[in-house]
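Structure first, then comments.
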Amino acid sequence: MEPSPAAGGSETTRLVSPRDRGGAGGGLRLKSLFTEPSEALPEEPKSVEMPFHHCHRDPLPQPGLTPERLQAQRQLCAACAVCCVFMAGEVVGGYLAHSLAIMTDAAHLLADVGSMIGSLFSLWLSTRPATRTMTFGWHRSETLGALASVVSLWMVTGILLYLAFIRLLHSDYHIEGGAMLLTASIAVCANLLMAFVLHQAGPPHSHGSRGAEYAPLEEGPGEPLPLGNTSVRAAFVHVLGDLLQSLGVLAASVLIYFKPQYKAADPISTFLFSICALGSTAPTLRDVLRVLMEGSPRSVGFEPVRDTLMSVPGVRATHELHLWSLTLTYHVASAHLAIDSTADPEAVLAEATSQLHSRFGFSSCTLQVEQYQPEMAQCLRCREPPQA
């Protein structure tokens, strides 16, 4: 190692081969750490925004909500405000009229308020980035909110069913037919107003193929839908159910108003509409439990995903295939792909990922590519899970 002078006063060091110590062409010059301040430091490479990342099919999402989700947020806020006002009015009217049927209708509105607040909360959380603790983000809070809404509705409905049973046993109650009729009429108008606010003209559309924009689990496979439109449509369906229930309560109130001796129509209608309210939450509860138990999405089958991966050129076998959901619309997949020794791993990975995104709309896919071994056919861990 020989020191040598360099231009500009900087010190350099040259590594010289023992057999080529005298030659000038065999040396490798290394810059010293001690350089003159006047020397220009190399510029750091600037990040260039690419239309598509090397391993992500979608471009980097823009901060904030998209125009479609902003429109959905406004619709849900307006409907939630109307629902809260008329729910409070039904509680007051039901108390003044001594009507459990009105209270049952108010309980159903409470479930709708919880559902819409959960949708608004999920829209807000969708703008928050993932962290090192919450690596998947905050999507699962939407599912927990739906579970809390269902549980609260079941608790309130259970109390109303108990009170209706007590009324049928003793019949020592009085129904204010006029107040009940007025409150039921206002409830019908409120549901019509909420349906008008939530009504969407024309079919929903999408400008992407992201898995987070697919329909909820209970709707089965279909065209991709923006999350905002999906939430609004779900709320619209709930409001239509409330409208039918309010019409039933209105019919009972008309009967009691003109025929007070048929006051038993109030607890009887409470029984009927409570069963309807509990039944309407059954699909939601089923899907929520499926998500929390890490079950595969109802709109995506195990066999179609497996067959799609096996159809990729070069793939000999698949194992460790897992399908689950973070929310009703955020689907995730992971799998091991055993490939031929002549197959290109990068090409197999790109094709398999593209197929999962385009055909099934998975929001996140994690695939491990490995060489196929004959022992995999007898491996217990590589076998497919049995049918449920």
Side-chain angles (χ1 to χ4, degrees), residues 76-121 145-146 148-168 170 172-198 235-236 238-257 260 263-281 284:
L76 289 172
C77 285
C80 189
V82 172
C83 193
C84 287
V85 170
F86 284 98
M87 180 185 67
E90 277 198 316
V91 171
V92 174
Y95 176 78
L96 295 177
H98 310 289
S99 171
L100 291 179
I102 297 293
M103 291 292 192
T104 304
D105 198 29
H108 208 165
L109 288 180
L110 175 63
D112 289 342
V113 170
S115 176
M116 285 185 280
I117 290 178
S119 298
L120 289 171
F121 190 56
S149 175
V150 171
V151 171
S152 63
L153 174 62
W154 282 39
M155 292 177 60
V156 174
T157 303
I159 295 174
L160 293 175
L161 284 174
Y162 171 76
L163 295 177
F165 181 74
I166 294 299
R167 283 193 171 186
L168 287 178
H170 301 287
D172 54 349
Y173 60 94
H174 174 68
I175 302 295
E176 294 291 341
M180 182 179 178
L181 179 60
L182 177 62
T183 306
S185 302
I186 295 177
V188 171
C189 295
N191 283 290
L192 289 174
L193 179 60
M194 285 190 293
F196 175 78
V197 171
L198 294 172
F236 180 73
H238 278 255
V239 168
L240 290 182
D242 289 345
L243 178 60
L244 294 177
Q245 178 173 328
S246 297
L247 290 174
V249 175
L250 179 62
S253 64
V254 170
L255 177 62
I256 295 175
Y257 180 77
K263 63 180 181 179
D266 180 75
I268 291 176
S269 61
T270 300
F271 273 109
L272 295 177
F273 298 136
S274 295
I275 294 174
C276 294
L278 295 179
S280 66
T281 61
T284 302

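Each residue takes its place number in the sequence, starting with 1. Just so we're clear, the structure is a prediction, and the values are computed from it rather than from any experiment. Every heavy atom of this structure was used, including side-chain atoms; hydrogens, water molecules and symmetry mates were not.
Considering CD1 of I175 and OH of Y257, their distance stands at 15.0 Å, rounded to 0.5 Å. Atom-to-atom distance recorded for L100:CG and T104:OG1 is 6.5 Å, nearest 0.5 angstrom. We find the CG-CD1 distance between L96 and I102 to be 11.0 Å, quoted to the nearest 0.5 Å. With rounding to the nearest 0.5 Å, the separation of OG1 in T270 from CG in L160 is 7.0 Å. Atom CG of D266 is separated from atom CG of L255 by 11.0 Å, given to the nearest 0.5 angstrom. One finds the CD atom of E176 at 11.0 Å from the OG atom of S99 (value rounded to the nearest 0.5 Å).
With sequence neighbours excluded, the residues forming a side-chain contact (heavy atoms from CB on, under 4.5 Å) with L182 are I186, listed by chain and number. Applying the side-chain contact (heavy atoms from CB on, under 4.5 Å) rule to F165 yields the partners L169, F271; only residues at least two apart in sequence or on another chain are considered.
In this structure, A79 and M116 approach most closely via the heavy-atom pair CB-SD, 3.7 Å. Shown here for A101 and V249, the closest heavy-atom pair between the two residues is O-CG2, 3.9 Å. Between S185 and L250, the shortest heavy-atom distance links the atoms OG-CD1, 3.5 Å. Nearest approach of T183 to G93, heavy atoms of both residues: OG1-CA, 3.5 Å. The minimum heavy-atom distance between Y173 and R167, with the atom names listed, is CE2-O, 3.5 Å. Closest of all the heavy-atom pairs between L161 and S274 is CD2-CB, 3.5 Å.
In this structure the side chain of M180 never reaches within 4.5 angstrom of the side chain of K263, judged on heavy atoms.
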Kindly indicate, with the supporting measurements, whether the criterion side-chain contact (heavy atoms from CB on, under 4.5 Å) is fulfilled by M194 and N191.
CA-CA 5 Å; M194 285 190 293; N191 283 290; 3.5 Å; yes

